[in-house]
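Residues take their numbers from the sequence shown, with the count starting at 1.
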Amino acid sequence: MAADRFAGKTVIVTGAGSGIGRATAVRLATEGATVVATDIIEDRLAELADAVPGNRVATVAGDIADPATANAVVAAANGRLHGLANVAGIMDGFLPAADIDDETWDRVMRVNATGPMRLIRAALPLLLATGQGSIVNIASEASLRGSAAGIAYTASKHAVVGITKSVAFMYGPQGVRANAVAPGPVATNIEAAVRSEFAAGRIFPLLQAIGTSPADAAQLAAAITWLLSDDSLNVNGAILPSDGGWSVA
């Protein structure tokens, strides 16, 4: 870590109450950033703020799928924003096309794709004003292939890749970069219940054959903060696998 790599910068982190989001928020604050942290569970945000010294974390509790949350989060940046890490996400029970229900599909798409799009839309005026903003979205191994999750999660993470590339192309010349990190298995508390025996029979033997071990959230935070930092100024529109080699299998 570099103690002052983000000195004087404000960065929004979603899903900051636990897992990858929390690890990212802590690392950013440790490296000098002011962090606007949002999560659906308010108690987790309070614990995060208490754990980070120096009053470097401002918290906004809310559902990222709610349009009002995006505006509230950006408002908490107080008119100055340098980075955005869209980390919040949910799984789909590994439900394949024949079994997916509308409620699961709609909820996964709202949280994983529509929520990040709305937050990017709300944040762009402030990011453009800095002339050197950075957006990092969390994609997934499921954004690279069809054999890592159910249909809703897979579709939503492919959408994240599309969002990332579109924003990178449109706003790169104006100084705002957009990249994505594509994790493989990560040891977090994201709900990953299996609701389809058929899907489990298709997916899990492949995962066992690949033999990829779950990563620690801090390993993902390292990749995210690098893409948010000036160390990656020449990187725009990239999808960075952080998956222990799964993507080359």
*asked:* Has Asp231 got a side-chain atom pairing as donor or acceptor with Trp226's backbone, closer than 3.5 angstrom?
replied: no
*Going only through I, L, V, M, F, W and Y residues with side-chain contacts under 4.5 Å, is there a path from Leu95 to Val194?*
no
*Heavy-atom closest pair, residues Leu220 and Ala215*: CD2-CB, 3.9 Å
*Please check if the side chain of Thr225 supplies one atom and the backbone of Ala221 the other of a donor-acceptor pair under 3.5 Å.*
yes
*What distance separates Glu31 CD from Arg56 CZ, expressed to the nearest 0.5 Å?*
11.0 Å
*Between His158 (side chain) and Ala142 (backbone), is there a donor-acceptor pair under 3.5 Å?*
yes
*Measure across Val13 and Val87 and return the closest heavy-atom pair with its distance rounded to 0.1 Å.*
CG1-CG2, 4.3 Å
*asked:* Please determine whether residues Val161 and Phe169 belong to a single hydrophobic cluster, defined as Ile, Leu, Val, Met, Phe, Trp and Tyr linked transitively by side-chain heavy-atom distances below 4.5 Å.
replied: no
_Whether the side chain of Asp63 engages the backbone of Ala65 through a donor-acceptor N/O pair (distance < 3.5 Å, no angle test) should be reported._
yes
*Out of curiosity, does Ile40 fall in the hydrophobic cluster containing Ile64 (side-chain heavy atoms, cut-off under 4.5 Å, transitive links)?*
no
*Quick one: OH on Tyr153 to CD1 on Ile90, what's the gap to the nearest 0.5 Å?*
10.0 Å
*Do the side chains of Leu48 and Thr59 get nearer than 4.5 Å, heavy atoms only?*
no
*How long is the span from the CG atom in Asp106 to the OG1 atom in Thr114, to the nearest 0.5 Å?*
9.5 Å
_Short side-chain donor-acceptor distance under 3.5 Å, Thr104 and Asp92_ = no
*Partner of Leu127 by side-chain contact (heavy atoms from CB on, under 4.5 Å), out of Ile120, Val167, Leu81, Ile12*: Leu81
*asked:* Please determine whether side-chain contact (heavy atoms from CB on, under 4.5 Å) holds for the pair Val11 and Leu84, giving the CA-CA distance in whole Å, both sets of side-chain angles, and the decisive distance to 0.1 Å.
replied: CA-CA 5 Å; Val11 183; Leu84 165 62; 5.9 Å; no
*Verify the cluster assignment for Leu144 and Ile224: are they in a single hydrophobic cluster under the rule of side-chain heavy atoms below 4.5 Å apart?*
no
*Do you know the tightest heavy-atom contact between Arg27 and Arg5?*
NH2-NH2, 4.0 Å
*What is the distance from atom CG of Leu240 to atom OG1 of Thr164, rounded to the nearest 0.5 Å?*
12.0 Å
_So that I can tick it off, tell me whether Asp102 and Arg107 are bridged by a salt bridge, with the cut-off set at under 4.0 angstrom between side-chain N and carboxylate O._
no
*Are Arg145 and Glu141 ion-paired here, with the side-chain N under 4.0 Å from a carboxylate O?*
yes
*With a 4.5 Å limit on heavy-atom distance, are the side chains of Asp39 and Thr14 in contact?*
no
*Please lay out, stage by stage, how Phe6 and Val35 fare under the test side-chain contact (heavy atoms from CB on, under 4.5 Å).*
CA-CA 10 Å; Phe6 290 93; Val35 178; over 6 Å; no
*Identify the heavy atoms of Phe94 and Ile203 that sit nearest to each other, and give their distance.*
CD2-CD1, 3.9 Å
*Begin with the C-alpha distance, continue with both residues' side-chain angles, and end with the deciding distance and a verdict on side-chain contact (heavy atoms from CB on, under 4.5 Å) for Tyr171 and Ile135.*
CA-CA 11 Å; Tyr171 300 103; Ile135 298 167; over 6 Å; no
*Dump the intermediate steps for side-chain contact (heavy atoms from CB on, under 4.5 Å) on Gln219 and Ile20, then the final yes or no.*
CA-CA 9 Å; Gln219 293 174 301; Ile20 298 170; over 6 Å; no
*Could you go step by step and tell me if Ser232 and Arg177 meet the side-chain hydrogen bond (donor to acceptor under 3.5 Å, both in side chains) rule?*
CA-CA 10 Å; Ser232 60; Arg177 300 179 296 117; 3.1 Å; yes
_For the student: nearest non-hydrogen atoms of Gly237 and Lys165, plus distance_ = O-CG, 4.2 Å
*Distance in Å, Ser143 OG paired with Lys157 NZ, rounded so as to fall on 0.5 Å steps*: 8.0 Å
*When you look at CD of Gln174, are more than 12 heavy atoms from neighbouring residues, nucleotides or ligands closer to it than 6.0 Å?*
yes
*Atom pair OG (Ser156) and CD1 (Ile163), whose distance is rounded to the nearest 0.5 Å*: 9.5 Å
*Do other residues, nucleotides or ligands put more than 12 heavy atoms under 6.0 Å from Asp50 CG?*
yes
*Minimum heavy-atom separation for Ala238 to Asn179, with atom names?*
N-OD1, 2.8 Å
_Same apolar cluster: Val176 and Leu233, side chain cutoff 4.5 Å_ = no
_salt_bridge(Asp230, Lys9) N-O dist < 4.0 Å_ = yes
*In terms of side-chain geometry, is the basic nitrogen of Arg110 or Asp66 positioned less than 4.0 Å from the acidic oxygen of its partner?*
no
